[in-house]
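To start, the structure under review is shown below, and the notes come after it.
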Number of protein chains: 2
Amino acid sequence: MAPDDDLFQPVKPVRAYQRVAQQIEERILSGDLPPGSRLPAERELVVRFAVGRSTVREALRVLQSAGLIRSRPGDPLGAEVLGVSPDNLSQALSRLTRSRIASLGELVQFRMVLDAESNRLAARLHDADDLARMQEQIDRMERLSASSSGNLHAFSEADALFHRAVAEASGNSLLGLCARAVHEAVVDVIEKKIAGAADATAWRERSIAHHRQVLDAIRTGDAPRAARLAREALYTYYADHVEPETRRLLAAAAQTEDAARTP
Amino acid sequence: MAPDDDLFQPVKPVRAYQRVAQQIEERILSGDLPPGSRLPAERELVVRFAVGRSTVREALRVLQSAGLIRSRPGDPLGAEVLGVSPDNLSQALSRLTRSRIASLGELVQFRMVLDAESNRLAARLHDADDLARMQEQIDRMERLSASSSGNLHAFSEADALFHRAVAEASGNSLLGLCARAVHEAVVDVIEKKIAGAADATAWRERSIAHHRQVLDAIRTGDAPRAARLAREALYTYYADHVEPETRRLLAAAAQTEDAARTP
DNA sequence: CCAGTCGACTGGTCAGACCAGTTGATTTCC
DNA sequence: GGAAATCAACTGGTCTGACCAGTCGACTGG
């Protein structure tokens with residue numbers, strides 16, 4: 001046995017507001033406080049936890065910034081429990097990207113990984129409903145593209161829903177959530193570099209064609225092709241926009257094991 | 001042009017503490033306040049922002065819970081800027097899994113994807129320094145394993161550093177950060193399910209062997225093998241712990257294109 | 001029966017106080 | 001002179017009590 005080396009470990013002080021926040025979080029995560037339910041009023045929590053109001057408020061702020069609760073002034077019912085949402089995750093990711101820890105090239109590369117893997121898993125694990133949902137979004141894109149000038153917002157919404165359907169088919173919600181967050185970050189960065197897209201209609205055509213190919217690969221269970229399609233599409237679309245020094249990263253990520261052709 | 005449909009949009013009230021927190025966060029993310037620098041004292045911020053101390057404190061609490069700053073009572077230098085870290089991300093992930101929005105299986109599957117892709121890219125893009133760093137950590141693990149009962153903490157630190165070296169070699173810091181976050185979340189969830197690891201020394205042996213194989217694959221540039229090793233190791237280690245209904249997810253993710261043998 | 005009023009709440013903010021802890025200069029003692 | 005104890009000026013953490021603007025239910029006047 002080890003000597004009395006780590007019999008005692010340094011104890012880190014736990015602030016009062018942390019204990020309060022942790023107790024409430026525990027109740028929320030365990031399901032005792034389901035989404036939609038209400039917390040007691042602040043002044044009520046003060047007497048229950050036997051702490052000052054500022055302590056209670058700091059605890060609630062922590063929970064609120066984690067997206068677990070929401071409070072509204074004057075609400076006689078108290079703060080509302082929201083439950084766990086992925087917003088916090090995408091917030092954390094967007095902070096990572098905004099702080100220039102990650103370059104645009106890394107961002108796109110990361111998207112390659114996530115999208116390719118979503119597609120790969122979807123090709124293996126999809127069921128009929130998933131395919132129907134994807135087809136539905138492609139049809140919607142076509143309608144929007146046909147009626148010219150159809151607003152861009154609706155088109156990218158259909159795009160997002162397609163990817164969500166793929167993520168659902170892949171059986172991994174985490175993959176989808178991260179992909180969405182990174183997607184948003186990429187859009188955020190890219191639209192600061194190039195003010196307006198060059199040719200919207202041509203882009204839409206290509207986008208629809210790409211989605212059709214992906215759906216086909218998924219439907220036929222061709223996992224490698226589904227993955228490769230995602231990588232290649234991202235490469236051809238973004239390669240010209242990333243920093244030159246990171247382009248080799250993209251090229252490396254775009255290559256797949258099977259008969260990779262360097263784009 | 002659209003009619004005066006959305007000329008005016010609902011205005012949502014912005015709390016004072018939010019404006020304070022946002023200003024400080026902006027300074028941190030933009031690099032004006034680099035990691036290691038100090039924020040002014042709370043009472044100083046009170047006069048600079050012209051708000052009450054409780055407002056300043058709530059703002060600081062939000063930043064602290066996001067992992068951007070750290071404060072210590074009595075520190076005459078003020079709160080310390082930590083910069084962006086993946087801690088927040090792993091916290092969000094582990095909350096998602098604890099509230100059963102995401103299963104443990106998805107988490108492990110996600111780790112498979114990230115680790116495999118890190119290894120794959122590292123095999124393609126590594127340089128000599130990267131290899132040296134990885135070798136160094138493997139040596140360290142061996143030393144720790146030889147001197148029996150060497151504390152577990154140091155061993156898992158070497159493990160973490162090995163993975164960090166791989167992430168650096170892959171050229172994608174985002175990949176590494178996310179992998180670390182998911183790793184922590186997995187550990188967080190799993191150690192609530194099984195109190196203690198079964199056989200620590202046997203596990204260490206296997207772990208070292210695995211890392212040696214990975215390093216070999218990376219060194220020889222065998223990207224598919226490096227990726228497959230990560231997937232298989234995670235599968236064999238965690239398959240018994242995930243929920244039975246998500247095991248097929250793991251199996252699907254563990255398969256790789258090339259000569260996949262179903263574990 | 002409905003519209004307006006009113007009052008008892010709510011959360012958001014502020015001011016001021018005290019405590020315990022840290023730190024660095026000052027003093028004390030060998 | 002130098003090491004050890006002391007002290008004063010901070011720090012962040014917490015509590016109290018107050019005020020404001022908003023919300024909502026109940027009451028009231030038409």
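Note that these values count all heavy atoms, side chains included, but never hydrogens, waters or copies made by symmetry. Everything numeric here is computed off the predicted structure, so don't read it as measured data. In what follows, chains are A, B, ... by sequence order, proteins preceding strands, each numbered from 1.
Toward the 5′ end of DNA chain D lies the nearest nucleotide of B:P73, the other residue of the pair B:P73 and A:G52 mapping further downstream.
Closest to the side chain of B:A16, out of C:dT23, C:dT13, D:dC15, is C:dT13. Picking from D:dG13, D:dC15, C:dG11 the nucleotide with the shortest atom distance to the side chain of A:T55 gives D:dC15. In the set C:dT13, D:dC24, D:dT16, the nucleotide with an atom closest to the side chain of A:S54 is D:dT16. Nearest to the side chain of A:E42, among D:dG12, D:dT14, C:dG11, sits C:dG11. Comparing D:dG12, C:dC14, D:dC15 against the side chain of B:R53 picks out D:dG12 as the nearest.
Residue-level contact check: A:R72 touches the backbone only, with heavy atoms under 4.0 Å from sugar-phosphate atoms and none from bases.
With hydrogens and angles ignored, no donor-acceptor pair closer than 3.5 Å exists between the side chain of B:R61 and the base of D:dG13. Taking 3.5 Å as the limit, the base of D:dG12 and the side chain of B:R43 contain a donor-acceptor pair of atoms between them.
Across the protein-nucleic acid pair, B:R15 atom CZ and C:dC14 atom C1' stand 16 Å apart, rounded to whole Å. Straight-line distance from the CD1 atom of B:I69 to the C1' atom of D:dG13: 14 Å, rounded to whole Å. In this structure, the CD atom of B:Q64 is 10 Å from the C1' atom of D:dG12, given to the nearest Å. One can place OH of A:Y17 at 13 Å from P of D:dC15, the figure rounded to the nearest angstrom. Remark: C1' of C:dC14 and CZ of B:F49 are 17 Å apart, rounded to the nearest angstrom. Rounding to whole angstrom units, CZ of residue B:R38 and C1' of D:dT11 are separated by 11 Å. The CD-P distance, from B:E80 to D:dT11, rounds to 17 Å in whole Å. B:L77 places its CG atom 19 Å from the P atom of D:dA9, with the value rounded to the nearest Å.
Using modelled atom types and a 3.5 Å distance limit, the side chains of B:S65 and A:S65 yield a donor-acceptor pair.
The pair A:E44-A:R48 meets the salt-bridge criterion, with a side-chain N (NZ, NE, NH1 or NH2) lying under 4.0 Å from an Asp/Glu carboxylate O.
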Legend entry - Worked verdict on B:R61 versus B:Q64 for side-chain hydrogen bond (donor to acceptor under 3.5 Å, both in side chains): CA-CA 5 Å; B:R61 279 282 101 85; B:Q64 188 168 28; 2.9 Å; yes
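Between B:F162 and B:H211, the two ring planes are perpendicular [angle over 60°; tilted spans 30° to 60°].
None of A:Q137, A:M141, A:R140 except one satisfies the side-chain contact (heavy atoms from CB on, under 4.5 Å) rule with A:E157; the exception is A:R140.
Taking only side-chain nitrogens and oxygens, A:R57 comes nearer than 4.0 Å to OP1 or OP2 of C:dG12.
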